[in-house]
Amino acid sequence: MNTPALDLELRDVIKRYGDHTAVNELSFAVPRGSFFSILGPSGCGKTTLLRMIAGFISPDSGDVYIGGVNMKNIAPNRRPVNMVFQQLALFPMMSVGENVAYGLARRGVARLEQKKKVADMLARVGLAGSENKPVDALSGGQRQRVAIARSLVLEPTLLLLDEPLGALDLKLREHMKLELKQLQAAFGTTFVYITHDQSEALVLSDRVAVMNNGRFEQIGSPQELYYAAATPFVASFVGANNRIDGVLKGIASGIGDVVTSTGVSFFAKISARASVGSTTQVFIRPESISLYRQQPSLSGQMSCYQGAVTSLLFDGANSSVLLQELTSGLEFRVALPQTGHLSDLKTGERVYFSFDPERALGYLAEPSTRV
Amino acid sequence: MSEPANRTQSRLLLALLLIPGVLWLVLLILLPHVDLAILSLKPHAGAGTQQLSLSQYGTFFEEPLYWHVFVRTALVSGLSTLLTLLVAFPIAWTIAKIAKERTRSYLFLACLIPFWISETVRTLGWMILLRESGVLPALLVKLGITNAPIEMLYHDATILIGLVYTSLLFMVVPLVSSLESLDNSLIEAAYDLGGKGLTVLRTIVLPHAAPGITAGCIVVFMMTLGNYLTPTLLGGKNSQWFTEQIYTQFITRFNWEQGAAFGFLLLSLSVAMVWAGLKVSGQQFADVMRRA
């Protein structure tokens, strides 16, 4: 076979609630062994999508294939899919070992065999010997490992994860991100992960689908989403971005001149859909903007703008400043160079800034884009 | 205001708030029981001696009718509690897990409304439905199921129906609250891991609801054991309910000493059953009472 085996495939899946379409004609495929994330704001339909894959709700039309088998009319307890729930849903009335053995017992696996498998699985997730602990004696991270072990011990084709990091505090979340990635690599099981946290999606995934209003705006690698967003929604949802609204006045070799209502020109790489005269949104990342104290001499299409510092946002390596462009009054977030040579900027100070038009992206404005 | 003065004040307030409750307990519950306890240890009035003895309790064991009725009351109460649980569980499940927010309050109301009417009236209602010349026997004749109207009152089954009906709400309420606190994702997780309906019920739902079930069973059992009206009206002379024996001793025979002894026997039975129930289900009393 030249195409990799698909563990999950959706074809034209639709789910409506009344006149609200939660999932709108979605089709996508997830190759075996990959880490696939669905990233979207709350209410975008990602939970509905996940629950359709798990079998808790059935699509109005379209088909879900898992491991190549159509899952129509197959109940959740008979699908080769397991789910890690948002609050983990560990059984509080059972010990860690009983939790992990639950699925094995339902399959009628002999008691001795169960015991062996549970011990093996707990060892693999770094919880060897905790069979008899009650689940509420575990830390947040350990609980998550039990939830994953409980699912993976059944060797599912697909593991679904419903924002399992959402309830954890920041420090633990960072730590668990790493753990999840390592677990997925170690087991090689296909993970389908849903989240509203773009950083989780970017760090963990092989591929990410950005979902909005029941549709995928873009499916791609984290790098593609970040550097080559297909739509204004993706550009504004994934990572920090500065947005400039204007009208496209002209294009020369892919670089367009977008003029704001206050008459300031910004140059950006224009996507195919925008044409001269259309309302355009330009996105430029904070780290793509360069700051200068003195007016720099710039070549080619690099324009230079002047701004006043309105706030300093110090956050170690992620420090940035907020600038107000003098002519247009637009606010820009600009990342401070990590060398620290501009860390002594003061509020109110006048600075110069510029960016490479190749790294700014211009899109036909979409009225529905809300962020 | 200084800290100690504040504390004294709040202590005083607490004491004031507790006074009505304490008075109630001491004057209306504790004192009468102490009096009854002493009474039950006296020989029947007019016997001359005032020496305390266990002779009244002895009578209970010597007379087969008394302990026969006693055991019967306990068994029927147990059966009735079990039936109430079986009937109440699906109702509670519907209210807690299936119904939407609005329907839920209506369903609760539907369970509650019968309790706005006095128990006597409701029981008389059952009599109108079930007696030989009543609604249900007439309906059966009309439908051609029976040739002549049958007497549906005065059977053990009739008593059971009445008892289950009377105590249903007291089972539904603790069950609903314990089922509501069960996270739906636990049920889903159990399905997801391959569980089927009954397995999920046995492994997840029942263990979670155990304190609520125990609480409901204790309340219903005690209420049923001490019920006088329902067995008497629906069971007639055949009911042989222990509370009737107590009534007979106090009112008909005017043997207060014997009646008091019977009362204490019934009390110790219900304490023993509660204790046994907690032991069997492995629950803590305080935990269960919080649910009730």
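Because only heavy atoms are used, hydrogens play no part in the values below, and waters and symmetry mates are left out as well, while side chains stay in. Below, read A as the first sequence line, B as the second, and so on, with proteins coming before strands; counting in each chain starts at 1.
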Worksheet item: In this structure, are over 12 heavy atoms from other groups packed under 6.0 Å from B:I29 atom CD1?
Response: yes
Discussion item. Is it the case that atom OH in B:Y228 sees more than 12 heavy atoms from other parts of the structure closer than 6.0 Å?
Written reply: yes
Worksheet item: Is any residue of residues 41-49 of chain A within less than 4.5 Å of chain B by heavy atoms, and which ones?
Response: none
Item to complete: Give every residue pair that meets the salt bridge (Lys or Arg N to Asp or Glu O under 4.0 Å) criterion with at least one member in residues 161-181 of chain B, sequence neighbours excluded.
Response: B:R104-B:E180
Worksheet item: Top residue by heavy-atom pair count (under 4.5 Å) with chain B, among A:E98, A:R107, A:R78, A:R106?
Response: A:R106
Discussion item. Atom NZ of residue position A:K115 - does it have more than 12 heavy atoms of other residues, nucleotides or ligands inside 6.0 Å?
Written reply: no
Item to complete: Would you mind checking which part of A:M93 comes under 4.5 Å of any heavy atom in chain B, side chain (CB onward), backbone (N, CA, C, O), both or neither?
Response: side chain
Worksheet item: Should B:L186 and A:P92 count as side-chain neighbours, where that means a heavy-atom distance under 4.5 Å?
Response: yes
Discussion item. Can you tell me which portion of A:L90 sits under 4.5 Å from chain B's heavy atoms? Options are side chain, backbone, both or neither.
Written reply: backbone
Discussion item. Please check this pair: side chain of A:N82 against backbone of B:D192, looking for a donor-acceptor N/O pair closer than 3.5 Å.
Written reply: yes
Item to complete: May I ask you to test the B:I204-A:M94 pair for a side-chain heavy-atom distance under 4.5 Å?
Response: yes
Worksheet item: Who among B:G195, B:P207, B:A210 has the most heavy-atom pairs with chain A under 4.5 Å?
Response: B:G195
Discussion item. Give me the atom names and distance for the closest heavy-atom approach of B:T199 to A:Y102.
Written reply: O-OH, 4.2 Å
Response to the item:
All heavy atoms of B:E188 vs all of A:F85, minimum pair found to be OE1-CE2, 3.4 Å
Worksheet item: Which residues, numbered in order, of residues 128-138 of chain A come under 4.5 angstrom of chain B by heavy-atom distance?
Response: none
Discussion item. So, taking the atom named CD in A:Q86 and the one named OG in B:S185, what distance separates them when rounded to the nearest 0.5 Å?
Written reply: 9.0 Å
Worksheet item: What are the residues of residues 68-89 of chain B, in order of number, with any heavy atom under 4.5 angstrom from a heavy atom of chain A?
Response: none
Discussion item. Please classify the contact between A:R150 and chain B as side chain, backbone, both or neither, with a heavy-atom cut-off of under 4.5 Å.
Written reply: both
Practice prompt. Determine the option with the most heavy-atom pairs under 4.5 angstrom with chain A, choosing from B:L193, B:D183, B:N184.
Written response: B:L193
Practice prompt. Mark yes when over 12 heavy atoms from residues, nucleotides or ligands other than A:L112 sit less than 6.0 Å from its CG; otherwise mark no.
Written response: no
